[in-house]
Amino acid sequence: MTINGWIFMGISWAAIIGLFVFCLRRTIKH
Amino acid sequence: MAREQWGSRIGVIMAVAGSAIGLGNFLRFPGQVAQHGGGAFMIPYFISLLLLGLPLIWIEWTIGRFGGIFGHSTAPGMFHSMWEKNRFIKYFGVIGIFGPIVISLYYIYIESWLLAYSFFALAGSYEACTTSELMLSFLKGYQGLEQNQFFSSLWPAYTFFLITFALNGLVLYFGVQRGIERVCKYGVPLLLILAVILVVRVFLLGAPDPAQPENSVLGGLGFMWNPDWSALTRGKVWLAAAGQVFFTLSCGIGVILTYASYLGKNDDVALSGLTAASANEFAEVVLGGSLVIPAAFAFLGASAVTVVAQSGVFNLGFVTMPLVLQKIAHGNFFGFIWFFLLFIAGVTSSISLAQPAIAFLEDEFNLARRQAVLRLMAVIFFFSQPAIFFLGRGVVDEMDFWGGSFFLVVFATVETILFGWVFGMDRAWTELHRGSDIIIPRFYRWIIKYVTPLFLLLILGVWLFQDWLPVLFCEGVSEENLPYIIGTRLMLFSLLGSLALMVRQSWKRREIKLLENGGTNDD
C-alpha cells in the first residue's frame, strides 16, 4: 500500500466514522 | 383505523439503515472501487454522496413525514398531497409501490441462498470445492442451472426459499413496531458486529503464504485504496460512483417515504436521515471495503483479484468468499458468519420492500394489516416463481432492470423536481427543518433545487442511451430466452397497470365519499 493509499483510506475512514459517531451521539442526546 | 407508529427514534433509524445495508455494501462496493481506480474512486464517490445522496435522503424523509400527516404512507397519496391541482401525479407515485414489489420478487429468493449457504458453511457441504470452478459448479447446482455431483434438483433451493419467505411474512405480520422495528433494532447492530469480527479476522491474515509475501492483506488494501488519478478524467468512473451512492442509500425505491410516514408531525427528519445514511456508509466504506478484496488478494493474488472484481456480485459472494474463507482456520465458522451477516442484511432489506404495498392496501383500501400482509405475500409468492424456475433465462436480470434500475432513477428524478420546484423550496426547507435537531447548511437549498435534479437528469440521460436502450430493445438476448423476457415484461407491466387501476379506484371511492359528506377534502 502506498502513502497515497494510506492517506485516502485514512481520510475516508475518518470522515465516515466521524460522521457516524457525531450523528449517533446527537441522536442519543436528543 | 389507527395509523401505525414507530416505537422509538433509534428504531426508525435502524429500520432505514437496515433497508439500505444489503449485498451492495459488502459485494458491489468493493468491486466498483477496485474496477474504477482504487482510492481515486472515493473522490467522485464522496462528491456524489454530498450532491446526490444526502439531498435525496432528506427529500425522501421529508416527503414521507409530510404524507404521513395526511394519512398517506405511499407515494401516490404523498405526491397528490404535494401537488393537489395535478390529477396525474398520483399515478406517477405508483412506481413507489411497484418498484419495491418487483425487487422483492427476486430479492427474497437470493436472500434464501444466503440462509442456505449459512447452513452449508456450518455443515461443511462445500468443503470439497477447493477451486473456483468447483465452487461455481456448487452454486449452479444449487440454483438448478445444472445437475451435478452436488445437487440433482431445485428442491433444496426451493425449501430454503419457502423458509425465508415465511420468515419475511411473519415479521411483516407483526407490524411496523412489533415486527420491522424489533427485527432491525437487533438485526442491524448484530450484522455490524459480525462484520467487524470478520474484518478483524481478515486483517490478522497478513501474508498467508510465506512463499508469496506480496500476496497480503496490505496488498489487498493497496489494491482497493491506492489512487489511480487517471480514473478521475474518465466519465465512466464518475457515473459508477454516482450509481453506487444512489443504489446503496435505497433512494428512489419508495421505502424511505413509507418508513418516514410513520413519524410524528414534529419528529426530526434531518438528523435521523443523516444518521441512517452514515450507518450505511460505515457498513459500506469501512466494513465492506475491508472484506472481500483484501481477503481475496491475500489468498489469490493481484491478477486473480482483478478478474474477481469484475466477475459480479454473485461470484464475489458465493464463489470467491467461501473459497477464501475455507483456507482460514475455523473456515466453516467464518463462512457461516459471512453468509449469516449477509442474510440479516437481506432480511432487513426485504421486509422494507414489502412495506409500501402493505401500507397502500391499509391506507387506501382500509384493509386490516394482517389481511394486507396475506394478500401481498400471495402476490409476491405467485410472481416470484419465474425468478426461481427460469433464473437461467435472464428473468431476474429483467426484473432487476425495471424494478432496481430504470424506474428507480426515474422516480427519484421526479420526486426531486416535485420537492424543489412544485412543492417549492421555501415550503420544502421549512418542512425539512420542522422539529429538526440539526440545521442543514443553507447552500443545500441551492443544491436540492438545482444540482441534485440536474445530476439525476444527467445520470438518467447517459444511462438511457448507454446502457438501457439495448436492454429495452432486448439486444443481446438469445432467441430461446426471448419468450421468457417478453413474458416477464408483460407480467411486470400488468402488475404496474393493476396498481394504477387500484389508485384510480381508491381516489374515485374517496371522491364519492366526499360528495356524500358534502365536506371538504381531507387531503
Side-chain angles (χ1 to χ4, degrees), chain A, chain B residues 8-14 17 29 33 37-43 45-46 49-50 54 57 189 192 199 216-229 267-268 270-290 294 297 435-439:
Chain A
M1 179 120 116
T2 63
I3 295 285
N4 279 345
W6 279 111
I7 292 171
F8 262 118
M9 191 177 128
I11 292 173
S12 304
W13 277 41
I16 296 290
I17 295 173
L19 181 68
F20 186 40
V21 171
F22 165 80
C23 289
L24 266 186
R25 285 186 60 173
R26 280 297 278 265
T27 302
I28 292 164
K29 222 159 89 180
H30 284 93
Chain B
S8 66
R9 185 173 176 186
I10 205 75
V12 58
I13 291 169
M14 287 298 148
F29 171 74
V33 180
F41 177 83
M42 295 314 291
I43 296 173
Y45 181 87
F46 279 122
L49 184 67
L50 293 174
L54 295 183
I57 286 289
L192 291 179
V199 168
S216 65
V217 172
L218 263 186
L221 287 173
F223 186 82
M224 279 280 297
W225 294 99
N226 288 343
D228 167 11
W229 296 103
D267 285 346
D268 159 88
L271 179 61
S272 298
L274 193 62
T275 310
S278 64
N280 177 70
E281 289 309 308
F282 174 71
E284 177 154 299
V285 178
V286 178
L287 301 175
S290 306
F297 193 97
S436 172
D437 290 331
I438 52 166
I439 294 169

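As a basis for the values below, the full set of heavy atoms in this structure was taken, side chains included, without hydrogen atoms, waters or symmetry mates. Below, read A as the first sequence line, B as the second, and so on, with proteins coming before strands; counting in each chain starts at 1. What you are looking at is a predicted structure, and each value in this text was computed from that prediction instead of being measured.
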Member of B/Thr275, B/Asp268, B/Asp267 meeting the side-chain hydrogen bond (donor to acceptor under 3.5 Å, both in side chains) criterion with B/Arg9 | B/Asp268

Can you check whether B/Ile438's main-chain N or O pairs, donor with acceptor, with A/Arg26's side chain at less than 3.5 Å?
-> no

Applying a strict 4.5 Å limit to non-hydrogen atoms, the region of B/Phe223 in contact with chain A is neither

Hey, does the side chain of A/Thr2 reach the backbone of A/Gly5 with a donor-acceptor pair shorter than 3.5 angstrom?
-> yes

OG1-CD1 distance between A/Thr27 and B/Ile13, expressed to the nearest 0.5 angstrom | 4.0 Å

Greatest number of heavy atom pairs closer than 4.5 Å to chain A - which of B/Leu218, B/Ile43, B/Leu271, B/Leu274 = B/Leu271

Proximal component of B/Ser290, with respect to chain A [non-hydrogen, under 4.5 Å] | side chain

